[in-house]
Number of protein chains: 2
Amino acid sequence: MSAATIKDVAREAGVSVASVSRALNGGHGVTAETSRRIHEAAQRLHYVPHAAARMLITRRTNTVGALLPDLYGEFFSELIRGIDLAARARGLHLLVSSSHDDADAAAVALRAMQGRVDGLLLMSPHADADFLRQNLPHDLPTVLMNTRPAGSDYCALSVDNDGGARLMVEHLLSLGHRRIAFIQGPPGNRDAGEREHGYREVLASHTPGSPAITLEGDFSEESGYRAGRQVLAMRPRPDAVFAANDMMAIGCMAALREAGICVPEEIAIGGFDDVPMARYVTPSLTTIQVHIAELGSQAMALLGEQIDHPGSVPAGTRRHVGAELVVRASSGAAIA
Amino acid sequence: MSAATIKDVAREAGVSVASVSRALNGGHGVTAETSRRIHEAAQRLHYVPHAAARMLITRRTNTVGALLPDLYGEFFSELIRGIDLAARARGLHLLVSSSHDDADAAAVALRAMQGRVDGLLLMSPHADADFLRQNLPHDLPTVLMNTRPAGSDYCALSVDNDGGARLMVEHLLSLGHRRIAFIQGPPGNRDAGEREHGYREVLASHTPGSPAITLEGDFSEESGYRAGRQVLAMRPRPDAVFAANDMMAIGCMAALREAGICVPEEIAIGGFDDVPMARYVTPSLTTIQVHIAELGSQAMALLGEQIDHPGSVPAGTRRHVGAELVVRASSGAAIA
DNA sequence: CTGAAAGCGCTTACAG
DNA sequence: CTGAAAGCGCTTACAG
């Protein structure tokens with residue numbers, strides 16, 4: 001039933017397998033009449049070309065692999081959807097692999113992709129330059145997502161953390177705030193570092209009068225709460241706080257509320273990420289929204305270019321997906 | 001570089017390709033010394049067997065396909081994670097395909113899976129018995145998820161809507177409520193229908209004195225709100241409301257609150273799904289939690305059985321994943 | 001234990 | 001336009 005091969009179709013149509021192949025792949029080099037007979041035979045036999053055989057001979061799998069740290073949660077959910085839609089639009093299948101606890105597991109997953117995919121989308125904390133050299137065939141088109149090992153020249157797509165942070169700081173400055181504190185992310189975290197970089201740059205260049213004020217944090221709500229307590233103790237007190245992510249901003253607001261400080265009247269707050277909860281907290285949180293689905297779809301587009309036109313994308317190409325300021329109540333924009 | 005084939009390894013190790021194949025696939029039928037030489041050669045050449053060639057000859061892809069309506073949102077996020085983890089545990093790759101707007105698109109996706117997968121996990125609103133007959137080769141192991149077309153004998157895994165509803169009604173009864181109203185889901189929706197069935201059964205059998213009271217709804221928060229308005233107008237008024245899903249329960253609570261009715265003191269409320277918001281609303285919502293990830297992992301397990309031991313799973317096998325009562329404030333359990 | 005050979009299902013020069 | 005044949009990279013009886 002499902003075992004019909006090209007031979008069966010050839011016999012049924014009374015032609016050679018070569019003609020069947022030609023007729024079914026665009027129909028070049030066969031008469032319309034022959035093609036019709038072949039298509040009818042194929043239909044009758046419920047013929048579906050065997051994917052593996054075709055892969056073997058054409059060296060094309062029409063499949064891309066996505067190696068992700070996880071599949072769960074809003075971030076990955078959106079990411080994979082962006083990838084999936086873009087892949088489908090190009091007629092590519094999607095092979096996913098996730099949850100690699102350590103570098104070894106990621107390496108195994110990476111090697112297992114070989115021969116199954118025409119290209120790779122890769123997001124992994126284990127993917128340093130050395131890891132990639134060891135486990136990636138150099139001729140396999142690959143796009144790194146939010147992963148940029150120094151010293152490797154793979155294409156990479158990342159969130160524009162720097163640009164997003166600039167938007168937020170400029171927004172706060174525009175509202176008249178001058179003492180703007182920054183709650184940092186985990187030490188060594190690249191996203192957090194880039195956000196801090198944007199924060200420092202804007203303060204330094206736009207208004208030399210505003211010194212950078214940094215507080216330690218680790219992306220957790222608790223660390224934001226602790227930072228909020230520190231803000232309360234500072235003299236002079238900051239008039240705005242920009243947290244490297246939303247959860248810390250929310251924790252910080254909780255600390256201020258406990259102390260009877262009004263947000264945004266007394267202190268303005270900004271976050272980063274636009275998590276779903278951001279619009280539900282009180283006051284609703286002004287933050288930076290990142291288009292995660294776009295991260296996926298643009299990475300897929302970049303990969304598609306490489307697959308279709310090898311060499312068309314220069315090694316080491318870097319692209320960013322934009323971040324957008326979402327003004328809500330916590331920054332007090334309506335009041336200013 | 002990545003082009004090393006079994007021939008290259010054979011030459012490098014000074015043996016035949018047959019020996020290479022044997023050594024690399026378990027090592028049966030080769031001396032330890034030969035095997036060692038071959039493994040070394042393979043390592044030196046960064047040899048990775050070509051997946052397509054292996055698929056072609058072994059008729060095994062070590063891949064399962066998952067056809068889903070979407071990938072986005074909490075439900076699918078959890079589902080696909082359950083599938084992914086279970087697949088990985090069995091050493092199977094996962095090919096995903098989603099967002100098929102119509103039956104034709106789903107059919108194309110289904111056919112494209114052929115030859116690429118050893119089995120299929122399928123969730124689709126388009127999958128009626130006729131559709132499956134047309135587009136599924138009958139010898140491809142398949143498990144339906146929350147999709148049970150009448151007249152087909154595929155294996156199916158579903159959420160235990162009936163059991164979950166029973167738990168909720170029994171919970172409300174145990175708290176002393178007798179006039180328990182039910183807010184229905186969209187007409188024709190199977191999940192909603194099964195929940196209503198469970199509701200009716202428990203009322204009928206456990207306490208003949210409690211009549212079923214149903215209100216129309218469509219799973220939306222607004223429809224829950226409208227049902228809440230109706231509840232307010234009823235005489236005698238129900239002392240509990242069981243909504244077929246959480247969003248309607250939340251809408252219903254909003255209507256009661258507006259009218260100054262206290263939940264749970266005056267009317268108890270129960271929902272179904274345990275959406276993330278359920279714990280954040282005031283009062284927090286007593287509801288039925290379904291283990292979505294388990295739906296995925298159990299479906300994968302059932303599929304794995306079929307792949308490994310063809311015929312071991314009787315046609316038409318039905319299984320359920322459990323639902324669990326989550327008691328929060330809205331049912332007033334602490335008060336009773 | 002080891003190797004030569006057939007064959008999985010397809011595509012694509014190469015002749016005719 | 002059409003077909004016979006080679007070959008993609010692998011596995012597996014079949015001999016030795």
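Since the structure is predicted, the reported quantities are computational estimates derived from the model, not experimental observations. Numbered from 1 within each chain, the chains take letters A, B, ... in sequence-line order.
Other residues, nucleotides and ligands place no more than 12 heavy atoms under 6.0 Å from the CD atom of B/Q43.
Atom CG in B/L302 sits 10.5 Å away from atom CD1 in B/I307 (nearest 0.5 Å). From B/I6, atom CD1 reaches atom OG of B/S16 across 8.5 Å, with rounding to the nearest 0.5 Å. To the nearest 0.5 Å, atoms CG (A/L144) and CG (A/L157) are separated by 10.0 Å.
In the model, A/T147 has no side-chain atom that pairs as donor or acceptor with a side-chain atom of A/R190 under 3.5 Å.
Taking all atoms of both residues into account, the shortest heavy-atom contact from A/M145 to A/I83 is CE-CD1, 4.1 Å. Looking at every heavy atom in both residues, A/D118 comes nearest to A/P141 through O-CD, 3.3 Å.
A salt bridge between B/E33 and B/R36 is present, with a side-chain N of the basic residue lying under 4.0 Å from a carboxylate O of the acidic one. Ion pairing of A/D160 with A/R318 is absent here, as no side-chain N (NZ or NE/NH1/NH2) approaches a carboxylate O to less than 4.0 Å.
Across all strands, A/T31 comes closer than 4.0 Å only to sugar-phosphate atoms, never to a base (heavy-atom distances).
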Criterion salt bridge (charged side-chain N to carboxylate O under 4.0 Å, His left out) on B/E78 and B/R81, from CA distance to verdict: CA-CA 5 Å; B/E78 236 188 287; B/R81 183 200 225 184; over 6 Å; no
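For DNA chain D, the span of nucleotides reached by chain B at under 4.0 Å from its heavy atoms goes, 5' to 3', from D/dG9 to D/dA13.
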Pairing string, 5' to 3', for DNA chain C - Watson-Crick or wobble contacts under 3.5 Å, brackets [ ] where pairs cross, | to another strand: |||.||||||||.|||
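Between B/S19 and A/R22, the residue anchored nearer the 5' end of DNA chain C, judged by the nucleotide with its closest heavy atom, is B/S19.
Residues from residues 50-61 of chain A placing a heavy atom under 4.0 Å of any atom in DNA chain D, listed by number, are A/L56, A/I57, A/R59.
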